[in-house]
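Given the structure is predicted, the values throughout are model-derived calculations rather than measurements.
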Amino acid sequence: MSYIRFKLRQLLQRMWFLPAAFSALAVLTVIIAYILARFAPDELPFVMPANAVQSILQILASSLLTVAVFALSTVVGALSSASSATTPRAVPLVAGDLRAQTSISVFIGAFLFSIVGIIGLSAGLYSEAGRLFLFVVTLGVLVLVVAALIRWIGQISAIGRVGNTIDAVEKATHDALAVMAEHPLLDGRLLDGEPQGERITAQKPGYVQHCDTVELQRLAEEHDLTLAVLARPGAYATPVRPVLAVEGTFGEDVAEELAACFVIGDTRSYDSDPRFGFIVLGEIADKAMSAGINDPGTAIDVIDTVTRLLLEFEDEKEDAKHDRVFVARLDPADVLEDVFRPLARDGAHIVEVMIRLMKCLETVAACNPSFAAAAQALGEDALERAGGAMKSPRDLAALRRSSSWIA
């Protein structure tokens, strides 16, 4: 993924972006209606009274302000619900839901369109042709508002709920896996063994959100360097945890340019970091098994979701678009531990959850050979934990029967 595309994806997920874009479009629409009216013929088939258009705009302005405030309060409540019922790490996905943002944007944009239209009519800026154009545009805005209201009714019943949040995390993880499959090893070569060369640290501590391998390749070619990426997106970079190993001769200015190829943030990003999605799913399942919530069914739902995602997980094959940049593969053991270690630790006493966990690991080990060894090791660890946590011999016997695939 290029740096520009990464930034655009980040921008689209900001909750203010779509409302601001729709508001700008609303103002532009009123201006275009005013300009087009200047090219209309002097005599029109019929005349549109100013008060007819203004009364419609006043109704829209007075009602849509209330609707927009209600919609925003609903989203705020959904964000709070998603944070308390699942995990705060899932809140950006709920806030970045384009369907909800589009509805709110239509309400705010239509409100601003009405205000600007009323100001123009009150100031006498519109001729007879201008009022006719404005009336036609107002009808179109009214249709958009009605469609947005109908769509919003269906959205408020799902937004912020646990199932909807799990689906959002699954989609974000699926998209990250698709990006990884499209750009295996960040379009670099496979790093095998211990990297050599001088270490370069990030300009500030934080999580790697994006690695611009296109720019890394350009700098490597320009200065005759060989680069090994030590911190893929999702890694935590500090002054003692370098992001890059460089073989070759280079100066301080080149080192700064190389470090600038890594976008560092305070939090992890879903875009190029599939492990983060698995971590969040594990947090949702782990929280569901807490004493305050006590919902093993949600944990089982998460395990089923993770099973689907792990079956989509493909080995990264060397593409070598950037022949001077070396990147290590994701470790399957790390991926499994991200999501299943909290479940194996805190759900060891719940037989239903542990049986489903064993079935998931069995399926993944059989269908995705790269995960076979890691799934076997994690299955053994989960079985050992359950043996010390389960009080019922029958529960433990049922779990052992579901674990017969472990060699």
Side-chain angles (χ1 to χ4, degrees), residues 13 77-97 158-177 180 206-209 232-236 265-310 312-313 330-350 352-354 356-358 360-361 364 371 374-375 378-379 381-382 385-386 389:
Q13 291 174 358
L79 297 180
S80 176
S81 174
S83 178
S84 60
T86 56
T87 171
R89 262 65 62 189
V91 170
L93 295 178
V94 180
D97 188 347
I159 187 172
R161 296 185 180 273
V162 174
N164 182 72
T165 305
I166 293 175
D167 292 341
V169 180
E170 179 183 8
K171 182 181 182 305
T173 309
H174 169 79
D175 292 343
L177 289 173
M180 189 177 72
Y207 290 98
V208 177
Q209 296 181 340
R232 292 181 59 139
Y236 189 67
D266 296 333
T267 58
R268 297 177 73 163
S269 171
Y270 290 91
D271 293 327
S272 303
D273 182 13
R275 283 185 61 184
F276 186 45
F278 286 112
I279 290 173
V280 173
L281 287 170
E283 289 182 354
I284 294 174
D286 193 34
K287 192 168 188 176
M289 292 185 297
S290 64
I293 297 178
N294 190 24
D295 181 18
T298 294
I300 292 174
D301 186 20
V302 170
I303 293 173
D304 293 341
T305 300
V306 172
T307 304
R308 292 193 295 269
L309 291 171
L310 289 175
E312 297 176 6
F313 201 111
L330 288 180
D331 187 351
D334 290 341
V335 177
L336 290 183
E337 289 179 1
D338 286 339
V339 63
F340 287 139
R341 183 161 53 188
L343 284 171
R345 181 189 63 230
D346 299 327
H349 62 290
I350 305 176
E352 297 85 1
V353 174
M354 296 305 294
R356 186 58 64 91
L357 173 60
M358 288 299 177
C360 167
L361 292 175
V364 172
F371 281 89
L378 190 60
D381 177 70
R385 292 174 185 268

Supply the atom-to-atom distance [X] [atom1] to [Y] [atom2], rounded to the nearest 0.5 angstrom.
X	Y	atom1	atom2	answer
Thr307	Arg356	OG1	CZ	8.0 Å
Asp304	Leu309	CG	CG	11.0 Å
Glu312	Met180	CD	CE	10.5 Å
Ile284	Ile279	CD1	CD1	12.5 Å
Arg268	Asp273	CZ	CG	4.0 Å
Asn164	Arg161	CG	CZ	9.5 Å

Pair up each side-chain donor or acceptor in residues 332-339 with any protein partner under 3.5 Å, not counting sequence neighbours, and list the distances.
from: Asp338; atom 1: OD1; to: Arg275; atom 2: NH2; distance (Å): 3.1
from: Asp338; atom 1: OD2; to: Arg275; atom 2: NE; distance (Å): 2.6
from: Asp338; atom 1: OD2; to: Arg275; atom 2: NH2; distance (Å): 3.2

For this session: Taking the side chain as every heavy atom from C-beta outward, state whether Val353 and Met289 have any atom pair closer than 4.5 Å.
Result: yes
Exercise. Do Phe313 and Leu330 touch side chain to side chain, with heavy atoms closer than 4.5 Å?
Worked result: yes
For this session: Answer yes when Lys171 and Asp175 have at least one side-chain N-carboxylate O distance shorter than 4.0 Å, and no when they do not.
Result: yes
Exercise. Can Asp286 and Arg345 be counted as an ion pair, charged N to O under 4.0 angstrom?
Worked result: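 Yes, Asp286 and Arg345 are salt-bridged.
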For this session: Test Ile350 against Met354 for side-chain contact (heavy atoms from CB on, under 4.5 Å), laying out the working first.
Result: CA-CA 6 Å; Ile350 305 176; Met354 296 305 294; 5.6 Å; no
Exercise. With sequence neighbours left out, which residue pairs that include part of residues 271-309 fulfil the ring pair (Phe, Tyr, Trp, His ring centres under 6.0 Å) condition?
Worked result: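 Every ring pair (Phe, Tyr, Trp, His ring centres under 6.0 Å) pair that includes a residue of residues 271-309, provided the two are not neighbours, is Tyr270-Phe276.
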For the residue pair [X] and [Y], what are the closest heavy atoms and their distance?
X	Y	value
Thr86	Ala90	OG1-CB, 4.2 Å
Ala344	Ala382	CB-CB, 4.0 Å
Pro274	Leu177	CB-CD2, 3.6 Å
Gly277	Thr173	CA-OG1, 3.2 Å

For this session: Check whether any side-chain N or O of Ser290 sits under 3.5 Å from a backbone N or O of Lys287 as a donor-acceptor pair, and report yes or no.
Result: yes
Exercise. Does the side chain of Ser269 come under 3.5 Å of the side chain of Gln209 through a donor N or O and an acceptor N or O?
Worked result: no
For this session: May I have the step-by-step check of side-chain contact (heavy atoms from CB on, under 4.5 Å) for Leu361 and Phe340, ending in yes or no?
Result: CA-CA 10 Å; Leu361 292 175; Phe340 287 139; 3.9 Å; yes
Exercise. With sequence neighbours excluded, what pairs up with Asp301 under the side-chain contact (heavy atoms from CB on, under 4.5 Å) test?
Worked result: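 Per chain and number, Asp301 pairs via side-chain contact (heavy atoms from CB on, under 4.5 Å) with Ile166, Thr305.
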